[in-house]
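These notes are about the structure you will find just below.
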Amino acid sequence: MIEQILVTPYNEELLEKLKQKTLVVKTDDQDKIQLIHRGVSKHNKLHAIQLNSPIALSSITFKKEWKNIPLCVYSSEFGGFKNLIPKLDILNKLNIRIFLSSDLKENFTGIRILSSLGIACGLFFGDRPIDWESLNDLMHHAIYSQTNHAPIEPFSYVASNYDTSEYIDYNFVYFNNATRYLHLNEKEQIALCYEDLINRNFISTGVESIESIIHKQEYEYHINSRYDVMLSMNECAFCPAFRICLGKFSEEDDKQNGCQVFFSDFLDAAEHFYKRKNNTGNKLWQL
Amino acid sequence: MAVVIFKAIEKCNSNCIYCDVIKKHQDKIMDYDLLKLIFIRMNEYLLDNHDKNITFTWHGGEVCLLGAEYFKIALDIQNEFCPTTKSRIKHQVQSNLTIINQEIINVFKELGINQIGTSFEPIPKIRGFGIKRDSKAYNHKFMEGIRLLAKNEIRWGVIYVVHKKSLEIPLEIFYYLTNLNINSSPNFNQIKTFGDYKHNLGITGEEFADFLGVIFPVWFKNIDRYPNIQPFARLMRNVRDKEMSLLCETSGECNYEWLYIGPEGQTSQCGRSGDYNVLSYGNLNDYTFEQILNNNNRDLLTDRQSVLPKTDCIDCRFWGICHGGCPLDAYMVNHDFKHKSPSCDALKIFMEKYFEPVTGLYADFMPVKQTISKINIQ
């Protein structure tokens, strides 16, 4: 069994109890990154530090001291490209993935720029309605484009991990799948996903309870929640692309012209990539 | 290989609208003495036929109504009475999964069962519990069942019965079933509506062909995504690859291999002939497996295979992949086995209207021309 990674806020008292565990540590303060790295590295394996930046990406002061730190930056906006240019040299040397919100149309362009510059990046889904067409364009660029570019998530993850005989959950990209990640807060309350943590829907309390979580029925129901979609008989259950979406946009109003079109194209793209990788496409005659 | 369709129980906890077994209102459960005799008979047969195996399919009714204890006793009997032949008995199960539990699964595993055949229906009020056919409660229990199978790493596959209401939403049904189980593709069968059928769910062969015809181009375009949808994958293997893979009903070779055993030891050709009370081969209390598998009544089916190529199927280029279809279907319509099955129309229309135009392949399996090296009956 793969050891579960704990997604946790930075709290020294809490870290003391999480010795030997692999961690994703969240912070919204860029000035604490080195401190967290030093603190966590003593007794834990650091999977990544997740910086939830309250400022635009271009306003973040990237430091060369972050060079060996696995970093994941979430920002709601790209900001001014001019401001980012002087930081590109450092950015290219960092072990970093940058995620921008789907809420701003400019971010779609920002992600293309970052990717073209060789910086691993991606989109995270914000609160506003999704511009499915722009998302589709970005996905096509991420998977089909032959020009050199860094991976764009979650497209790259799905394309790389797609298998015709497996459901695929791109939430791994966001540390949000309970088979690999558990979320906890400073009160040691543990949730199976980020949304449950926010909604105070905890599966257990106390660091010592972590090992037993996978044996709970709620855990089994959570990781197989696709059966609930099938049982509800909602539109997602009848969608051709369910296997890569798993009903994440079940609240969407116009699925047939929105998420269904996007995810169907996404599935085709993932399959195209899969065939290329496994060389199951047409074979060219030999010269 | 002999295929035993074993119905120790014909009672069911569900009230599926198209089921023929529940119409029999048979509450009997096979007693342990008779169960023992079956294994003794199988052992005799396997000792006398070293090149044969037996596929022993637990069928119903709903087999899980038997309870874990019944399967444990069957396992003990097998161990005691088939000590040297038990490895040649392959157990299979057909269940609606709504009352399966961990204890039953544990015995299934001991019997070597690692996959289960089932059925499912997303359209409400077709499969369900009680007079009102409560499909909501049924589906809930079914999902619990498949969660349990997933936990135990037991594979399962669905047979979907196509009926009048299915015709409205072929693609939705296709996507639903492939979403429900990504690892095992559904098998689409036409509803059988013989006799006093009152639910108005019957469909013609053409309607069934058109149902398949909506799904087929999607399947063909995404053949890697949905590798094993039936009957499509089988037809592709037959026509494109010339690797004959046929079901019992299309093989023309079910004659001496299939055997139904009912709760009181009554035997017949297969599960459906048992349901319809056609082709009785006597009672297991009175005859050995060898005698039952060579019962003279089976010659009627052999005769059919020599008659049809000269009569109903004389000019049919699909003969080699159909062989006149299921003899029981033919009997239920004509009261005579020496006719083609009404389901032949569905195959013919599907092949000509959809399969061949979409794939660009041409099927040529005329009675005199066919060259079949090997037939795998599934």
Side-chain angles (χ1 to χ4, degrees), chain A residues 1 158 162-169 179 214-248 250 255-256 260 263-282, chain B residues 97-98 102 120-128 135-153 155-158 166 168-186 214-215 217-219 221-229 233:
Chain A
M1 196 194 79
V158 171
Y162 177 77
D163 187 315
T164 50
S165 61
E166 301 284 343
Y167 298 94
I168 186 163
D169 181 9
T179 60
I214 58 164
H215 303 297
K216 292 187 175 231
Q217 198 182 43
E218 298 99 297
Y219 173 82
E220 194 272 319
Y221 270 66
H222 180 91
I223 63 168
N224 288 314
S225 58
R226 66 174 184 276
Y227 293 131
D228 297 331
V229 180
M230 302 314 291
L231 197 55
S232 72
M233 302 275 171
N234 75 27
E235 237 177 303
C236 298
F238 300 87
C239 174
F242 178 76
R243 59 180 63 200
I244 61 165
C245 160
L246 302 173
K248 290 186 180 66
S250 58
K255 292 190 190 66
Q256 284 197 0
Q260 192 175 113
F263 279 103
S264 297
D265 288 350
F266 191 8
L267 178 58
D268 286 344
E271 207 161 82
H272 169 84
F273 192 84
Y274 174 80
K275 282 181 192 169
R276 215 170 53 184
K277 192 172 69 178
N278 294 290
N279 198 21
T280 57
N282 289 337
Chain B
L97 301 179
T98 58
Q102 189 58 53
F120 191 74
E121 172 59 80
I123 298 171
K125 304 283 179 191
I126 301 292
R127 299 179 70 86
S135 47
K136 208 171 170 181
Y138 180 97
N139 294 351
H140 187 78
K141 290 286 181 194
F142 177 85
M143 295 294 170
E144 280 182 13
I146 60 175
R147 278 176 194 275
L148 201 56
L149 295 187
K151 196 175 164 186
N152 284 275
E153 295 178 345
R155 293 166 66 93
W156 55 278
V158 163
S166 326
E168 296 161 22
I169 48 168
L171 271 180
E172 285 87 343
I173 288 168
F174 171 70
Y175 288 134
Y176 186 93
L177 296 175
T178 50
N179 287 339
L180 183 63
N181 187 354
I182 203 168
N183 287 309
S184 176
S185 307
V214 174
I215 300 169
V218 175
W219 175 78
K221 186 182 164 211
N222 301 292
I223 205 162
D224 294 326
R225 192 180 301 169
Y226 311 111
N228 214 20
I229 306 290

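Here is how names work: the chains are called A, B, and so on, in the same order as the sequence lines, proteins then strands, and each is numbered from 1. Computation of the quantities below employed the complete heavy-atom set of this structure, encompassing side-chain atoms and omitting hydrogens, waters and symmetry-equivalent molecules. Just so it is clear, the model here is predicted, and its values are computed rather than measured.
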Worksheet item: Which residue pairs satisfy the side chain to side chain donor-acceptor pair (under 3.5 Å) criterion with at least one member in residues 139-150 of chain B, sequence neighbours excluded?
Response: A/Asp228-B/Arg147, B/His140-B/Glu144
Discussion item. So does A/Thr164 get a backbone contact from the side chain of B/Asp224, meaning a donor-acceptor N/O pair under 3.5 Å?
Written reply: no
Practice prompt. Please round to the nearest 0.5 Å and tell me the distance separating atom NZ of B/Lys221 and atom CG of A/Asp268.
Written response: 5.5 Å
Item to complete: Supply the atom-to-atom distance A/Met233 CE to B/Lys136 NZ, rounded to the nearest 0.5 angstrom.
Response: 10.5 Å
Worksheet, complete the sentence: Under 4.5 Å to a heavy atom of chain A? For B/Phe174 that would be neither
Fill in: Under 4.5 Å from a heavy atom of chain A, the part of B/Phe120 involved
side chain
Practice prompt. Decide, yes or no, whether a salt bridge links A/Glu271 with B/Arg225 under the criterion of side-chain N to carboxylate O below 4.0 Å.
Written response: yes
Worksheet item: Residues in side chain to side chain contact (heavy atoms under 4.5 Å, CB included) with B/Asn181, at least two apart?
Response: B/Trp156, B/Asn183, B/Ser184
Item to complete: Considering only heavy atoms and a distance below 4.5 Å, find which of B/Thr178, B/Ile146, B/Ile173 pairs most often with chain A.
Response: B/Ile146
Item to complete: With a 4.5 Å cut-off on heavy-atom pairs, point out which of B/Ile182, B/Leu180, B/Leu171 contacts chain A the most.
Response: B/Ile182
Discussion item. Ignoring hydrogens, what is the shortest heavy-atom contact between A/Phe238 and B/Glu172? Give both atom names and the distance.
Written reply: CD2-O, 3.2 Å
Discussion item. Treating B/Tyr175 as the side-chain partner and A/Cys236 as the backbone partner, does any N or O pair qualify as donor plus acceptor under 3.5 Å?
Written reply: no
Discussion item. Once rounded to the nearest 0.5 Å, what's the spacing between atom CE of A/Met230 and atom CZ of B/Phe142?
Written reply: 10.0 Å
Item to complete: To the nearest 0.5 Å, tell me how far B/Asn228 CG sits from A/Ser165 OG.
Response: 12.5 Å
